[in-house]
Amino acid sequence: MLLLLLSLCMVLLLRAAPGSPAGDCEVCEGFLQRVYDSLVSSHRELSPPLVEEQLVRTCSGVQGKESRLCYYLGASSDAATRITASVARPLASHVPVDKICQRLSSTDKQICELKYEQQLWDLSSGGLLRLRVAQLKRVLASWGEECRGCLEKHEFVSLIQEKARHRDHHHVDL
C-alpha cells in the first residue's frame with residue numbers, strides 16, 4: 001500500500017513539473033505572441049494554413065535570435081526540417097504561446113535555450129565608453145557597418161554616434 005502511494009505521488013510530481021519553466025522560452029514566447037497578435041488583429045477566424053502562412057511571412061523579415069527560432073521551426077527558407085504545423089494548429093486553436101513553446105521544447109531543447117541579446121539604450125558617449133571594444137564592434141555589425149582603420153575605443157564610439165544619428169534606432173542589441 002505504501003509503495004502504491006509513493007509511486008502515485010511520484011507520478012503526480014512528474015506530471016506537475018513542466019519541461020521548461022514558464023517564462024524560460026523568451027524568444028519563442030515573444031515571437032509567437034507577436035505573430036498571434038497580428039493574426040488576431042487582422043482576421044476573425046484562424047486556420048492552421050493561415051497561421052502557417054503568416055509564420056513563414058513573418059520569419060522572412062526577422063534577424064538574430066528570432067531568425068534562429070524560425071530555422072528551428074522550419075519556417076525559414078534554409079531550414080532542413082519543417083515543424084510549423086506543430087505551431088500552426090495550436091495557435092489557430094488559441095492555445096497560449098507559453099504552452100506551445102513548452103511542447104516544442106520537449107522535442108527540441110534548443111528552442112527554449114534562445115535568449116534575446118542584451119539591449120543598449122544609452123548611445124551617449126558616456127554609455128558607449130563603458131562598453132568593451134568587442135561590444136562596440138557588435139553594435140556596428142548589427143547595423144551592417146564596420147570601422148575600418150579604427151584603433152582606439154573613442155574612434156568606435158564616434159562612429160557609432162555618427163551612424164546612430166542617421167538611423168532610427170532607440171536601442172541596439174549587443
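All residue numbers in this chain count up from 1 along the given sequence. From a predicted model like this one, the values you see are computed outputs, not experimental measurements.
- Of the possible polar contacts, none joining the Lys137 side chain to the Glu146 backbone as a donor-acceptor pair under 3.5 Å is found.
- Looking at every heavy atom in both residues, Cys147 comes nearest to Leu140 through CB-CD1, 3.8 Å.
- Between the side chains of Gln33 and Asp37, a donor-acceptor pair is found at a separation under 3.5 Å.
- Residues Leu39 and Val56 do not share a hydrophobic cluster, clusters being chains of Ile/Leu/Val/Met/Phe/Trp/Tyr side chains in contact below 4.5 Å.
- Applying side chain to side chain donor-acceptor pair (under 3.5 Å) to Tyr116 and the options Glu66, Glu26, Lys65 leaves one that passes, Glu66.
- The neighbour count for Glu162 CD, taken as heavy atoms of other residues, nucleotides or ligands under 6.0 Å away, is above 12.
- Contact detail for Ile100 and Leu32: the closest heavy-atom pair is CG2-CD1, 4.0 Å.
- Between the OG atom in Ser158 and the NZ atom in Lys163 there is a gap of 11.0 Å [rounded to 0.5 Å].
- Counting heavy atoms from C-beta on, the side chains of Ile83 and Leu104 come closer than 4.5 Å.
- Inter-residue side-chain proximity for Pro90 and Arg103 is flagged as met; some heavy-atom pair is nearer than 4.5 Å.
- Remark: Arg89 CZ to Leu46 CG distance equals 15.0 Å, nearest 0.5 Å.
- Here Ile111 contributes atom CD1 and Leu69 contributes atom CG; the two are 6.5 Å apart, rounded to the nearest 0.5 Å.
- The line from CG of Leu73 to CD of Glu52 is 10.5 Å long, rounded to the nearest 0.5 Å.
- Nearest approach of Ser105 to Cys112, heavy atoms of both residues: CB-SG, 3.4 Å.
- Side-chain contact check for Leu159 versus Glu145: every heavy-atom pair is 4.5 Å or farther apart.
- Residue Lys153 qualifies as enclosed at atom NZ: its count of foreign heavy atoms under 6.0 Å is above 12.
- Considering Val139, Leu129, Leu131, Val133 as possible partners of Val157, the one that fulfils the side chain to side chain contact (heavy atoms under 4.5 Å, CB included) test is Leu129.
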**OP:** Begin from the C-alpha positions of Trp143 and Ile160 and carry the test side-chain contact (heavy atoms from CB on, under 4.5 Å) through to its verdict.
**Re:** CA-CA 10 Å; Trp143 290 348; Ile160 289 173; 4.0 Å; yes
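- Taking 4.0 Å as the cut-off between side-chain N and carboxylate O, Glu53 and Arg57 count as a salt-bridged pair.
- Scanning all heavy atoms of the two residues, the minimum distance from Val27 to Lys115 falls at CG2-C, 3.6 Å.
- The distance from the CG atom of Leu55 to the CG atom of Leu91 is 8.0 Å, given to the nearest 0.5 Å.
- Less than 2.5 angstrom separates the SG atom of Cys70 from that of Cys59.
- Ion pairing of Glu113 with Arg68 is absent here, as no side-chain N (NZ or NE/NH1/NH2) approaches a carboxylate O to less than 4.0 Å.
- Distance SG/Cys101 to CG/Leu114: 10.0 Å, rounded to 0.5 Å.
- A side-chain N or O of Thr58 and one of Gln54 form a donor-acceptor pair less than 3.5 Å apart.
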